[in-house]
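Data block below; observations after.
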Amino acid sequence: MFKNTIKKAFQKDFIENIWKIEVNGYQEEIGVEIRDSQTTMPSYHILRFEDGSEKMQYSPDEKEWTMEGIQKDYLILKKVGEQTPTKEGIQIINTKTQKPVLISYEYVLLDVVEDHLHVRHRQFTSGGEQLIAIKTGEVFALNDATLRSYPKNRVCFPLTYDNPPDFLSDDDKRQDLWISKLSNAYLWCYHTRCSSGYDLHIAVSDLESIHDEVVVQSGIAKMFPQPYFQVGNQLFFMADNKHEIVSYLV
C-alpha cells in the first residue's frame, strides 16, 4: 500500500538573510551562514534535521570568513579577500566542543576531501600543495589516493519536467514543474498563480495519482528558480524573505 504523506519537520527563522547552506553528508545536520546587515559579520548555525534545533552557533572575530563545508563533527571555514575569491586563512571548528581544532593564516584552501583539506602554502602561487587532517589539524604531504576520496554527498536537486502526467496536466494555473524520486514515490513541485503572486506546491504521487499535497509558501512575489533540495526523504525550502528554512518529511 502506498503510504507516503507530507508533513512539516521544522521551520527555522533567522533575523538576518541566509548567505549559504551546507549539508553534513555524514550526519543529519545542515549548516547555515548568516550575516549582520549592518556590519556583515558572519555567524554559523548547525541545525538538526529532526526538528531544526541548533547544535552549535559560532561567530568568528573577522568578517572575511565564509563556510566551506561540514564534515562529521567539524565545521570548515575559509578566508575570502576583497579582490580575490580566496585568501590565506583556514579554520576547523569542532562542533561538539565548539572550539577550534585549527586556525591558520598560512594556507589557502583548494578543496575539501574526506577527512582532509587540500591546501597550498601562501608562499607559493603554484605547487606547494599539502594536506591537513580535519580531525587533528596536522599537516601531511600530498597523496593522490586521499585527493580522490571525495566527501559523502547526499544532496539531490529536482529536475525540470516538461511532460506532466495526466493527473497534473489539467491544472491550467500551473506555471512550471519539477520532479524528484523517493523509492516508489514521485515528488512534484510547481507554482500556481494567485491574487498576490504565486503559491508553491509540493505533491507526492505514484504512477497514477496524487496521494498528498501541501502549499509550502503562499503569495510569494516571484517564482523560485530552484525550489528545494532533498536529502533522503527530507525536503528543504528557503523562504522568499531569505530569512527562513522550511523542511518537510515525505
According to a 4.5 Å side-chain heavy-atom criterion applied to Ile, Leu, Val, Met, Phe, Trp and Tyr, with indirect links allowed, do Met223 and Val214 form part of one hydrophobic cluster? yes

Just by distance, do the side chain of Ser247 and the backbone of Leu235 share a donor-acceptor pair under 3.5 Å? yes

In terms of heavy-atom contacts, does NZ of Lys242 have more than 12 from other residues, nucleotides or ligands at under 6.0 Å? no

Measure from the side-chain N and O atoms of Lys20 to the backbone N and O of Met67, and report whether any donor-acceptor pair falls under 3.5 Å. yes

Check: Phe167 and Ser205 side chains under 4.5 Å, non-hydrogen atoms: yes

For Ala185 versus Val204, what's the shortest heavy-atom pair and its separation? CB-CG2, 3.8 Å

Find the distance between OH (Tyr248) and CD (Gln230) and round it off to the nearest 0.5 Å. 15.0 Å

Do Glu114 and Tyr150 have side chains that approach each other closer than 4.5 Å (heavy atoms only, starting at C-beta)? no

Are any of the side-chain heavy atoms of Pro158 and Cys189 separated by less than 4.5 Å? no

Consider side chain to side chain contact (heavy atoms under 4.5 Å, CB included). Of Thr146, Leu147, Asn143, which one does His116 pass it with? Thr146

Can you name the residues that form a ring-ring contact (aromatic ring centres under 6.0 Å, His included) with Tyr107, not counting sequence neighbours? His121

Please report the interatomic distance CZ(Phe49) to CD(Gln234), rounded to the nearest 0.5 Å. 6.0 Å

d(Asn17 CG, Met238 CE) to nearest 0.5 Å is 8.0 Å

Linking I/L/V/M/F/W/Y whenever their side-chain heavy atoms sit closer than 4.5 Å, directly or via other members, would Val113 and Ile90 fall into one cluster? no

Considering all heavy atoms of both residues, which atom of Asp111 and which atom of Leu109 are nearest to each other, and what is their separation? O-CD1, 3.4 Å

Between Arg154 and Val23 (side chain of the first, backbone of the second, donor and acceptor by atom type, cut-off under 3.5 Å), is there such a pair? no

Does Asp51 CG have over 12 foreign heavy atoms under 6.0 Å away? yes

Above 12 or not: heavy atoms from other molecules or residues under 6.0 Å from CD of Glu208? no

Regarding Glu22 and Tyr44, is there a side-chain donor-to-acceptor distance under 3.5 Å anywhere? no

Using distance only, find each side-chain donor-acceptor pair of residues 129-140 under 3.5 Å and give its atom names and separation, not counting sequence neighbours.
residue: Glu129; atom: OE1; partner: His118; partner atom: NE2; Å: 2.6
residue: Glu129; atom: OE2; partner: Arg120; partner atom: NH2; Å: 3.2
residue: Thr136; atom: OG1; partner: Glu138; partner atom: N; Å: 3.2
residue: Thr136; atom: OG1; partner: Glu138; partner atom: OE2; Å: 3.1

If I compare all heavy atoms of Asp206 with all of Ser209, which pair ends up nearest, and what's the gap? OD1-N, 2.8 Å

Evaluate whether atom CD of Glu62 has more than 12 neighbouring non-hydrogen atoms of other residues, nucleotides or ligands under 6.0 angstrom away. yes

side-chain contact (heavy atoms from CB on, under 4.5 Å) evaluation trace for Leu102 with Leu117: CA-CA 12 Å; Leu102 172 73; Leu117 304 181; 5.6 Å; no

For Pro60 versus Met41, what's the shortest heavy-atom pair and its separation? O-CE, 3.4 Å

Could you check whether any side-chain heavy atom of Tyr58 comes within less than 4.5 Å of a side-chain heavy atom of Leu77, counting everything from C-beta outward? yes

A side-chain contact here means heavy atoms from C-beta on lying under 4.5 Å apart; do His211 and Asn4 qualify? no

Evaluate Gln27 against Lys55 for side-chain contact (heavy atoms from CB on, under 4.5 Å), listing each step before the verdict. CA-CA 12 Å; Gln27 296 174 183; Lys55 175 181 177 180; 3.6 Å; yes

To the nearest 0.5 Å, atom CD1 of Ile202 lies from atom OH of Tyr190 at 9.5 Å

Verify whether the ring centers belonging to Trp188 and Tyr161 lie closer than 6.0 Å. yes

Under a 4.5 Å cut-off applied to non-hydrogen side-chain atoms, are Glu50 and Glu28 in contact? no

Co-membership, hydrophobic cluster, residues Tyr74 and Ile46, 4.5 Å side-chain: no

Would you say His191 and Asp199 are linked by a side-chain donor-acceptor pair, where the criterion is simply a distance under 3.5 Å? no

Step-by-step side-chain contact (heavy atoms from CB on, under 4.5 Å) determination, Lys63 to Arg35: CA-CA 9 Å; Lys63 66 182 180 180; Arg35 288 183 179 262; 4.3 Å; yes

Is it the case that one hydrophobic cluster holds both Ile34 and Ile245, taking links as side-chain heavy atoms less than 4.5 Å apart, direct or via other members? yes

Taking only Lys NZ, Arg NE, NH1 and NH2, and the carboxylate oxygens of Asp or Glu, determine whether Asp115 and Lys72 approach each other closer than 4.0 Å. yes

If we only count heavy atoms from C-beta on, is the Leu200 to Tyr228 side-chain gap below 4.5 Å? no

Closest non-hydrogen atom pair between Ile6 and Asp212, with its separation: N-OD2, 2.8 Å

Please check if any side-chain donor atom of Gln57 sits under 3.5 Å from a side-chain acceptor atom of Ser43, or the reverse. no

Leu249 side, atom CG; Lys7 side, atom NZ - distance, nearest 0.5 Å: 6.0 Å

Residues that Asp240 engages under side chain to side chain contact (heavy atoms under 4.5 Å, CB included), provided they are two or more places apart: Gln217, Ile220, Phe224

For residues Val231 and Phe10: do they belong to one hydrophobic cluster (side chain heavy atoms under 4.5 Å, members Ile, Leu, Val, Met, Phe, Trp, Tyr)? yes

Could you tell me whether Lys79 sits above the aromatic face of Trp65, with NZ or CZ closer than 6.0 angstrom to the six-membered ring centre and within 45 degrees of the axis? yes

Once rounded to the nearest 0.5 Å, what's the spacing between atom CD of Glu54 and atom NZ of Lys12? 4.0 Å

Heavy-atom closest pair (Gln71 atom, Ile76 atom, distance to 0.1 Å) is CB-CD1, 4.5 Å

salt_bridge(Glu64, Lys87) N-O dist < 4.0 Å: no

side-chain contact (heavy atoms from CB on, under 4.5 Å) evaluation trace for Leu207 with Tyr186: CA-CA 8 Å; Leu207 290 172; Tyr186 295 89; 3.4 Å; yes

